Peer 1: 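Pasting a structure here, questions to come.
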Number of protein chains: 2
Amino acid sequence: MTPPAAKLTARRKSRPSFAPLSAHEAELAVFFVRMAGILGVPRSVAEIYSLLYASPDAVDFDQIQGRLGMSKGSVSQGLKFLRDHGMVLSVKAPGSRRERWQPTPSLAASLVTLLRSQVLPALEQSSPSLDRILAGAQGTQASPEVIERLTRLRRWNARALELFPLMLPPPRDA
Amino acid sequence: MTPPAAKLTARRKSRPSFAPLSAHEAELAVFFVRMAGILGVPRSVAEIYSLLYASPDAVDFDQIQGRLGMSKGSVSQGLKFLRDHGMVLSVKAPGSRRERWQPTPSLAASLVTLLRSQVLPALEQSSPSLDRILAGAQGTQASPEVIERLTRLRRWNARALELFPLMLPPPRDA
DNA sequence: GCGTATGTTCAAAAATTATTGAAACATAAG
DNA sequence: CTTATGTTTCAATAATTTTTGAACATACGC
C-alpha cells in the first residue's frame with residue numbers, strides 16, 4: 001500500500017513537505033473565508049491571508065502553496081490581490097531572493113482599503129450617470145415622487161464620494 | 001420580414017406587449033446592478049428594484065417580467081428576495097388578486113437590513129469559533145504576536161455583534 | 001364548489017467566476 | 001552570457017452562481 005520505498009532523505013532537491021493546517025488554523029481560515037465572501041473576495045485569497053495572520057513569522061511563496069495545497073497560479077494571484085490592496089507586506093531575508101509575507105499591521109486599515117477599492121469606482125462611474133438620469137427625469141413629465149427619489153439618490157452618491165477620501169490616505173503607490 | 005399579419009387587436013387573452021426600458025431607466029439599472037454587485041446581490045434582483053424605483057406607480061408581476069424581459073422564475077425569486085429583506089411593499093388593487101409592488105420608502109433602511117442579513121450570521125457563527133481558536137493559541141506555545149492578533153479579532157467581532165442591533169429594529173415578521 | 005388567473009418551485013441549462021498548470025518571463029548569481 | 005531560482009501570465013478547466021421554464025400549488029371571483 002505504501003509507495004515503492006521512495007528514496008529516503010534524498011539530498012538537495014527533495015521537495016520539502018509542508019505541514020497541513022492545524023485544526024485552529026483551519027477554523028480561522030473558515031472565519032476569514034466567510035467574511036471575505038461578503039465582499040466577494042475569493043476563497044483562495046482569504047485562505048492566504050488567514051495563513052499569514054496565524055503565522056508568527058513571515059511566510060514564503062512555497063510554504064503558502066504547500067500548506068494550503070493550492071496552485072502556483074492561485075498563490076501568485078492571491079498575493080497580488082493582497083498586495084494591491086495593501087493587506088500584506090513582504091520582507092526579504094538577506095542572501096535569498098525569495099520574498100516572505102506578513103499581514104499589514106492594521107487589519108482595519110486593510111479593510112477600509114479593500115472597501116474603497118470596491119465601492120469608490122462604482123460611485124465615481126455612477127456620478128455623471130445619476131446627473132443625466134435626474135436631468136432627464138426633470139425634463140420630461142416625470143412624477144414628483146420619482147424625481148424626489150432620484151434626487152436623494154444623487155445626494156447620497158455625492159456624499160459618499162466626499163466621505164470616502166477622509167477615511168484613510170489613498171493606497172500608497174507600489 | 002414582418003411576421004405574417006398577426007391578428008391585430010386580438011381581444012381578451014392577447015399578451016399585452018410591454019415597453020422596453022427607456023434610456024434613463026436602463027442607465028439607472030446599471031447603477032443599481034453595480035452597487036448590488038458589491039454585496040453579491042444578483043443582477044436580476046437589482047434590475048427589479050431599479051424598475052420599481054423609477055416607476056411613479058406600483059408595478060405588477062407581469063409588467064416586471066415584460067419590461068425587463070426576464071423569466072417568471074426570476075421575477076418570483078427576485079421579489080421574494082426583496083420582500084425578505086424589507087426592500088419592497090405590495091399594494092393590492094381592489095377586485096384583483098394581483099399584487100403591485102413599490103420600493104420601501106427608505107432605501108437607507110433597506111440597505112441596513114440587507115447588510116445585516118449578510119453580515120450578522122457570519123459574525124454569530126464566528127463568535128464561538130474565535131473563542132476556541134484563541135483559547136487554543138493561548139494553550140499551546142503560540143507567539144505573543146499571533147495571540148495579540150487573535151485577541152483583537154475577537155474583540156472586533158464582539159463589538160460588531162453589539163453594534164449591529166442598534167442600527168435598526170430587526171426585520172418585521174412577515 | 002369550479003375553473004382559472006396568479007404565483008411558486010426546482011431541476012436543468014446558461015453564465016459567470018475561480019483555479020490550475022505549463023510555459024513565458026525576470027533577474028541574481030556564477 | 002548562461003544558468004538556476006522564483007514569480008507571473010493566461011488559456012483551459014472546474015466550480016459556483018444565476019436564470020430559465022414547465023410542472024405544480026393556491027386562492028379568488030364567479
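Being a predicted model, the structure only gives us computed values, none of them experimental. In what follows, chains are A, B, ... by sequence order, proteins preceding strands, each numbered from 1.
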Peer 1: Identify whether any heavy atom of E99(B) sits under 4.0 Å from a base atom; if not, whether one sits that close to sugar-phosphate; answer base, sugar-phosphate or nothing.
Peer 2: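 E99(B): backbone/sugar contact only, no base atoms under 4.0 Å.
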Peer 1: Looking at every strand, decide which applies to R100(B) at a 4.0 Å heavy-atom threshold: base, sugar-phosphate, or nothing.
Peer 2: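 The answer is nothing, as R100(B) stays clear of every strand by at least 4.0 Å.
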Peer 1: What integer distance in Å separates I64(B):CD1 from dT19(D):P?
Peer 2: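 Checked: the CD1 to P distance equals 14 Å.
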Peer 1: When the distance from CD1 of I48(B) to P of dG7(C) is rounded to whole Å, what number comes out?
Peer 2: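 For the pair I48(B) CD1 and dG7(C) P, the rounded distance is 13 Å.
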Peer 1: With a 4.0 Å limit, can you tell me whether R83(A) has a side-chain N or O closer than that to the phosphate oxygens OP1/OP2 of dT7(D)?
Peer 2: no
Peer 1: Check if the side chain of K72(A) and the base of dT7(D) share a donor-acceptor pair of N or O atoms closer than 3.5 Å.
Peer 2: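 By the distance-only test, yes, there is a pair.
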Peer 1: Are R67(B) and F18(B) in a cation-pi setup, meaning NZ or CZ lies under 6.0 angstrom from the ring centre and within 45 degrees of the ring axis?
Peer 2: no
Peer 1: Given dT20(C), is OP1 or OP2 found less than 4.0 Å from the side-chain N or O atoms of S74(A)?
Peer 2: yes
Peer 1: 5'-most contact on DNA chain D: Q77(A) or W101(A), nearest heavy atom basis?
Peer 2: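 By nearest-heavy-atom nucleotide position, the 5'-most residue is W101(A).
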Peer 1: Determine, for F61(B) and R98(B), whether the Lys NZ or Arg CZ falls below 6.0 Å from the six-membered ring centre while staying within 45 degrees of the axis.
Peer 2: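 Not flagged: R98(B) not positioned over aromatic ring of F61(B).
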Peer 1: Nearest to the side chain of R43(A), which nucleotide is it out of dT19(C), dT7(D), dT20(D)?
Peer 2: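 Selected nucleotide (nearest to the side chain): dT19(C).
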Peer 1: Counting distance alone, no hydrogens or angles: does the base of dT27(C) have a donor or acceptor under 3.5 Å from a partner atom on the side chain of R97(A)?
Peer 2: yes
Peer 1: Select from S71(A) and K80(B) the residue whose nearest nucleotide in DNA chain C is closer to the 5' end of that strand.
Peer 2: K80(B)
Peer 1: Without hydrogens or angle criteria, can the side chains of S127(A) and N157(A) be said to hold a donor-acceptor pair below 3.5 Å?
Peer 2: yes
